[in-house]
Amino acid sequence: MKYDFLSIEKKWQDKWDAAHVFEAQDGSEKPKFFALVEFPYPSGAGMHVGHIKAYSGLEVVSRKRRMQGYNVLFPIGFDAFGLPTENSAIKYNTHPRILTDRNIEKFSQQLKRVGFSFDWTRVIDTTDEDYYRWTQHIFVEMFNKGLAFRDTALVNYCPHCKVVLSNEDSQGGKCDICHNDIVQKSKDVWYLRITKYADRLLQGLDSVDYLPQVKQQQVNWIGKSTGAFVNFSVKGADEGEMLRIYTTRPDTLFGVTFMVIAPEHPLIEKYRDRITNIDALDEYKTECAKKTEFQRTQLVKEKTGVKIEGICGINPVNGKEIPIYTADYVMMGYGTGAIMAVPAHDERDYDFAKKFGIDIIEVIKGGNIEEAAYTGDGDMVNSDFLDGFTNKKDSIKRMIEVLEEKGIGEEGVQYKMKDWAFNRQRYWGEPIPIVHCPTCGMVALPESELPLRLPAVENFEPGEGGESPLAKIESFVNCKCPKCGGDAKRETDTMPQWAGSSWYFLRYIDPKNDKAIADPEKLNYWMPVDWYNGGMEHVTRHMIYSRFWHKFLYDMGEVNTEEPYAKRTAQGLILGPDGEKMSKSKGNVVDPNEVVDQYGADVLRTYILFMGDYGAAAPWSDSSVKGCKRFIERVCDLKTIIQGKGETEKLTSAFHKTIKKVSNDIEDMKFNTAIAAMMGLLNEIFEVGQLTVDEFKIFIRLLCPIAPHICEELWEEIGGNGLCSLAEWPSYDEAKTVDSTVEVAVQVNGKLKGTVMLALNADKDTALSVAKADAKVASAIEGKTVVKEIVIPNKIINIVVK
RNA sequence: GCGGAUGUGGCGGAAUUGGCAGACGCGCUGGAUUCAGGUUCCAGUGAAAGCAAUUUCAUAUGGGUUCAAGUCCCUUCAUCCGCACCA
């Protein structure tokens, strides 16, 4: 049967809308289910099939949960601040507000066409001043608690985008937005002290149900290492001058033959008068500064460096004098910017020592230090009081005890994660609500002055020096200090794109509240997010940032849970038909609108979920879409064979099995096998050639979360009560999912010889005698001695003969 | 380099967690319907051999454990994704 999907789909979308079926109820007695998907950035290009896949997973789970009686909150919104819109604004000379509204409208239309069961009464837009008023509120709280601060630092600067980027946004020395090389620049920037929460962000992972790879990436990102700080006194420097280093292997202290400090290390500046080769050091530093991050981390890590003449370190455990080098393999940004080098047991130190002809002293046995650094475990040697220690845990512990006793070092922890560079010199972002007062310093705006609105500007281009377009608006910049009332100037930088998305899920709970982020009672009811699904690309940045904000809000008493997301899963990419990542330049992008035009939303939804493992990447295939279209059409054809003759035994058991499988598979996000099971059932029904109205209704309800429009239409035609989307989810009888007789495979010496039909749970003797009666089995064992007989009930029989 | 994952027909992918490999879908082959294309329906479809029943081989690679391995252990290779001189 052909069906007019375009009018059917529109009809039901309108009916759902009119009946408010997908609106979440506050304060309901029902169990709640808060399903969250990553809200889109409304780009000018419109939606992508990837968006549809990202939302389809929890869409199906949400629809099923509603049918199971849950009060479901499945919201959507728009993360609309950001550079692409601002760049379009410059290009087309149109205000980003206008572009954003236009794009949001477009996205909303597309989402509605696919029939997603979002609660459209709770839509949020991060660029709405009623929304960013609360983003600013959180920033002010952080500022007042000392978690937002300003510092001059070497920052990652993108000359193309003219913005400072966080470490996270400049991985591999490339700008995350335009992919051009970034440069290091000294600038005054805002930071959020996320490092203060590093340990809690790590520990919190124990209490949540995230995909293992999601957890692993976050653990790696936080990058906790434990070790020790050790203070080396410096000969030739002032009395009491200490060169402080961080090491994970303090127990190798007796193997130290040199030290290395980063080229930017302050020790060099401090003692430039006493260092006899300062010119060479200056030259080296300049050379290093010229290298891009990419060059500095090139695959071939040829070590470079310069020995510092005039000062040297003293090994605190044995008093030996050791040379100090500067080299760019040591970075100022990690640890103390200085290391003790143990070439015998560290590959980098080994390479450096070989190149510069420095001694190599073995302190851990097990390798051959003539040939390579030995980084494995082994007995300690040449190490005084550590000699004879056989285990690294013990030797580290002992050394730390000694260091602490003597006051020359202590146990310490380091994180790879750095504080979050939190400002951009751009227009289309949340203004940072801070005033610079000549007398009071930096002052946060009081709550009553929030929101601090973005002023109208003529020109969105950032200034040449990289300052924000807001800096040119005098009426915005000049203001009174909220504290002393004197003349002051506003901060002109804006927040990065990640700000608005760091707390958005909270706003869905109470999107119109003008007194608080959300009403505490409602927060209490809805939080935490029960299930969050999104892309792997957001696992380290967005998720860590938002967990950090949430923990801060928890500490402030503004939210009731320490972790925002109870469960996190991720969908895989949809690749182009050529198997490559979809991109405009490759011309392999599939437009969801075109698919809906041609096949309808139900077919699009079914295909996207049927493509393969939801968590894995899979290429788009136009011909496979047709297979799903056939499936939907064949479901419509079921109507023609409905009969009142009563149930057939074969189908009854098939239905119970399918209900069980579909119910479980949806919860496990195994949508492909859920659909396959329904296809299988459909085939069986056509083989039997008849089914009852009740069976048909079960089928329609099982399919409803996946292809809701056609199911509503069929439900109506068959005289179902109310809306199919609100009908009760079918239940199954476990006893009816198992057959009374089972087909059991019979093997002889592990080779399949045939199958026999046995009663369920038939005993071993019966099973064997039936098996041996099989002609093929009998001939295979004839004249041989039976060595062993294995019977796994309902599964397999294996007869071992000789 | 480190960490994680993946590897199954022509293709996308299944496999109740050690028990009949290839469910379901696409594609393909043959047939029916059709003026024809499309659609729909029926049958077939991992490879090789055979008229056949059947036999042999087959889950990247090589080995191992087991009555039994896609699944567990070890080796090698390939692809993808993170991180990357993190001391």
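We name chains A, B, ... by the order of the sequence lines, and we start the count at 1 in each one. Because the structure is predicted, anything quoted here is derived from the model rather than measured.
Base pairing of U45(B) is made with G27(B), judged by Watson-Crick or G-U wobble geometry with both donor-acceptor distances under 3.5 Å. In this structure, U76(B) and A60(B) make a Watson-Crick or G-U wobble pair, each of the two defining distances being under 3.5 angstrom. Look at C20(B): it lacks any Watson-Crick or wobble partner with both distances under 3.5 angstrom. With a cut-off of 3.5 Å on both Watson-Crick or G-U wobble distances, the partner of C35(B) is given as none.
Residue Thr755(A) is classed as a base contact, given a heavy-atom separation below 4.0 Å to a base. Among the heavy atoms of the strands, none lies under 4.0 Å from Lys581(A). Within 4.0 Å of Gln414(A), counting heavy atoms only, lies no atom of the nucleic acid at all. At a threshold of 4.0 angstrom between heavy atoms, the contacts of Asp349(A) with the nucleic acid are absent. Base contact: Asn798(A) has a heavy atom under 4.0 Å from a base atom. Nucleic acid contact for Glu743(A): base, since at least one base atom lies under 4.0 Å from a heavy atom of the residue. Using a 4.0 Å heavy-atom criterion, one finds that Ala617(A) contacts the sugar-phosphate atoms exclusively. Using a 4.0 Å heavy-atom cutoff across all strands shown, Lys670(A) reaches sugar-phosphate atoms only and no base atom.
Few gaps surround NZ on Lys586(A); more than 12 heavy atoms of other groups in view lie less than 6.0 Å from it.
Atom NZ of Lys753(A) is separated from atom C1' of U54(B) by 10 Å (rounded to the nearest Å). Distance Arg630(A) CZ to G38(B) P: 12 Å, rounded to the nearest Å. Rounding to whole angstrom units, CG of residue Leu609(A) and P of G25(B) are separated by 17 Å. Put simply, CG on Leu752(A) is 15 Å from P on A68(B), counting in whole angstrom units. If you take NZ of Lys626(A) and C1' of G25(B), they are 14 Å apart, rounded to a whole angstrom. Rounded to an integer number of Å, the gap from Ile792(A) CD1 to U17(B) P is 13 Å.
With hydrogens and angles disregarded, a donor-acceptor distance shorter than 3.5 Å links the side chain of Tyr284(A) to the backbone of Thr304(A).
Taking every side-chain heavy atom of Phe610(A) into account, C24(B) is the closest of C24(B), A14(B), A87(B).
Classification of the Trp420(A)-Tyr545(A) ring pair by plane angle, with boundaries at 30° and 60°, yields parallel.
Taking only side-chain nitrogens and oxygens, Lys776(A) comes nearer than 4.0 Å to OP1 or OP2 of U54(B). One finds a side-chain N or O of Asn683(A) lying less than 4.0 angstrom from the OP1 or OP2 phosphate oxygen of G25(B).
A salt bridge between Lys657(A) and Glu684(A) is absent, with no side-chain N of the basic residue lying under 4.0 Å from a carboxylate O of the acidic one. A salt bridge between Lys776(A) and Asp774(A) is absent, with no side-chain N of the basic residue lying under 4.0 Å from a carboxylate O of the acidic one.
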